[in-house]
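First the structure, in the form of structure tokens, and then the observations on it.
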Amino acid sequence: MFENLVEVLKKNPRKIVYTEGADARILEAAARLKKDGFLTPILVGNVDEVKAAAKKGGFDIDGLEILDPTAYAGMDDMVAKMVELRKGKMSPEDCRANLMKGNYFGTMLVKMGVADCLLGGATYSTADTVRPALQLIKTKPGNTLVSSCFIMVRGDEMLAMGDCAINISYEDKVDKEGNVTQTAAEQLAEVAIETEKTAKVFGMDPKVAMLSYSTHGSGKGASVDMVRTATELVKKQYPDMKIDGEMQFDAAVSPTVGQLKFPGSPVAGYANTFIFPEIQSGNIGYKIAQRLGGFAAYGPILQGLNAPINDLSRGCDAEEVYQMSIITAALA
């Protein structure tokens with residue numbers, strides 16, 4: 001998987017910004033990327049502190065760009081742009097104060113084209129990585145929410161699972177007058193569409209199973225209706241997409257069970273891309289595959305944003321930073 005992504009990056013040079021440039025794990029990965037030469041790191045932080053941390057760890061970052069928010073030459077332009085983006089929700093003083101933080105500063109570097117993508121979260125929480133992205137990068141045209149997926153790898157086998165990290169549940173959105181502006185099913189459909197696109201980036205031929213405790217009408221309930229309706233919405237919008245549901249996990253992966261419970265489905269029994277009806281089952285599902293199934297989990301990969309912004313686990317190591325850097329840049 002990574003060999004294919006590296007080949008993509010060699011043909012399409014990218015710059016990736018790290019919001020925590022003085023972190024030893026970031027520095028180790030950045031030094032390795034510098035040596036490999038297919039991706040250009042930009043480190044956010046105090047120049048002296050970043051260089052001192054690199055020297056302490058024995059990491060060669062000579063020649064890499066280190067940008068300090070407190071000494072950034074383009075800060076006035078960045079503040080003005082952020083004020084425009086926040087549309088009265090933040091004063092110039094508030095914007096300048098936020099841009100002194102690595103997460104907001106790094107996100108604006110992407111917004112202003114200095115970097116192509118961002119990787120953060122080695123010390124920041126997921127919320128502190130996602131919030132600036134939502135406020136400044138915003139969702140792609142036609143998208144209304146940010147979601148995530150995990151790419152699961154075991155040998156030559158590859159799966160995609162979404163959303164396991166961002167959206168806790170799907171509820172109808174209503175305006176101040178109580179009118180429904182977006183249904184829960186429409187939100188789940190968006191997650192399915194974006195996860196299918198992400199799977200393709202990794203060279204997969206996605207066969208999307210919309211998971212439930214029901215298969216093809218065997219169960220009843222509001223959550224079953226939501227999954228079934230979401231499937232119908234995706235099929236109507238993308239008639240060529242290989243997607244079916246609602247279906248139970250065994251029907252999704254076992255040809256015998258799948259064709260018995262869902263006869264004639266092109267997906268049942270052969271799925272490799274799984275859409276969960278809410279975060280609880282999604283988070284449990286990918287971790288079962290990881291811990292009991294022996295799959296390596298890569299992610300969460302954020303979907304639906306105008307530029308690739310990804311979040312690290314605060315317990316990550318340098319190898320995970322290196323791998324997520326490649327994944328993030330390949331999405332640009």
Side-chain angles (χ1 to χ4, degrees), residues 85-87 89 103-104 107 110-111 117-121 124-151 160-176 178-201 206 208-212 222-223 225-238 241 243 245-246 273-286 299-311 327-328 331-332:
L85 290 168
R86 296 303 291 138
K87 295 179 179 177
K89 295 179 181 178
N103 56 341
Y104 274 94
T107 304
V110 175
K111 182 65 180 180
C117 51
L118 177 148
L119 187 59
Y124 285 113
S125 67
T126 295
D128 285 338
T129 299
V130 174
R131 188 183 304 108
L134 285 171
Q135 293 176 346
L136 305 174
I137 302 296
K138 304 182 189 268
T139 54
K140 293 185 290 188
N143 285 58
T144 61
L145 76 163
V146 174
S147 61
S148 73
C149 88
F150 280 85
I151 299 296
M161 295 184 172
D163 174 3
C164 307
I166 299 295
N167 294 289
I168 294 174
S169 62
Y170 304 97
E171 312 289 342
D172 290 352
K173 294 180 180 179
V174 297
D175 60 19
K176 294 178 180 179
N179 301 308
V180 176
T181 58
Q182 187 185 37
T183 66
E186 287 171 334
Q187 295 165 52
L188 186 62
E190 189 174 313
V191 173
I193 292 165
E194 289 302 311
T195 303
E196 194 256 5
K197 291 176 182 177
T198 301
K200 285 182 174 178
V201 171
V208 184
M210 303 292 283
L211 297 178
S212 173
S223 65
D225 293 340
M226 177 189 69
V227 175
R228 186 183 302 123
T229 302
T231 307
E232 293 168 356
L233 289 169
V234 176
K235 285 184 174 182
K236 184 176 181 180
Q237 190 173 354
Y238 294 94
M241 186 185 294
I243 184 171
E246 82 289 358
T273 302
F274 306 95
I275 308 302
F276 293 88
E278 34 68 41
I279 195 173
Q280 182 166 249
S281 57
N283 191 270
I284 292 168
Y286 99 81
I301 298 164
L302 300 187
Q303 307 173 143
L305 290 166
N306 267 314
I309 307 286
N310 274 326
D311 178 46
I327 288 171
T328 303
L331 295 168

Between atom [atom1] of [X] and atom [atom2] of [Y], what is the distance when rounded to the nearest 0.5 Å?
X	Y	atom1	atom2	value
Thr198	Gln303	OG1	CD	3.5 Å
Phe276	Asn283	CZ	CG	9.5 Å
Ile309	Leu119	CD1	CG	9.5 Å
Glu171	Ile168	CD	CD1	10.5 Å
Cys149	Ile166	SG	CD1	11.0 Å
Met241	Lys235	CE	NZ	11.5 Å

Hey, mind stepping through Lys138 and Leu305 against side chain to side chain contact (heavy atoms under 4.5 Å, CB included) and telling me if it holds? CA-CA 6 Å; Lys138 304 182 189 268; Leu305 290 166; over 6 Å; no
What closest approach, in Å, do [X] and [Y] show between heavy atoms, and which atom pair accounts for it?
X	Y	result
Leu302	Ser148	CD2-CB, 4.2 Å
Lys140	Asn306	CA-OD1, 3.4 Å
Gly304	Asn143	CA-ND2, 3.6 Å
Ala199	Pro206	CB-CG, 3.7 Å
Val227	Pro277	CG2-CB, 3.9 Å
Ala185	Ala230	O-CB, 3.3 Å

Would you check if [X] and [Y] make a side-chain contact, meaning some heavy-atom pair closer than 4.5 Å?
X	Y	value
Gln187	Lys173	yes
Ile275	Thr195	yes
Met210	Phe274	no
Leu145	Asn167	yes

Could you check whether any side-chain N or O of [X] sits under 3.5 Å from a backbone N or O of [Y], counting only pairs where one atom can act as donor and the other as acceptor?
X	Y	value
Asp163	Ala165	yes
Asn103	Asp128	yes
Ser212	Glu246	no
Glu194	Val191	no
Glu278	Ser281	yes
Asp172	Val180	no

For Ile151 and Ile301: C-alpha separation, side-chain torsions, deciding distance, then whether side chain to side chain contact (heavy atoms under 4.5 Å, CB included) applies. CA-CA 8 Å; Ile151 299 296; Ile301 298 164; 3.7 Å; yes
Under 3.5 Å, is there a donor-acceptor pair between the Glu190 and Ser147 side chains?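 Note: Glu190 and Ser147 side chains miss the donor-acceptor criterion.
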Given Leu118 and Thr328, is the side chain to side chain contact (heavy atoms under 4.5 Å, CB included) satisfied, shown in steps? CA-CA 7 Å; Leu118 177 148; Thr328 303; over 6 Å; no
Are Glu196 and Lys200 ion-paired here, with the side-chain N under 4.0 Å from a carboxylate O?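 Yes, Glu196 and Lys200 are salt-bridged.
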Considering residues at least two apart in sequence or located in another chain, which fulfil the side-chain contact (heavy atoms from CB on, under 4.5 Å) criterion with Gln237?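 So Gln237 forms a side-chain contact (heavy atoms from CB on, under 4.5 Å) with Ile193.
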Side chain to side chain contact (heavy atoms under 4.5 Å, CB included) assessment of Leu331 paired with Val201: CA-CA 7 Å; Leu331 295 168; Val201 171; 3.8 Å; yes
Given Tyr170, which of Thr183, Leu188, Ile279 fulfils the side-chain contact (heavy atoms from CB on, under 4.5 Å) condition?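 Output: one option passes, namely Leu188.
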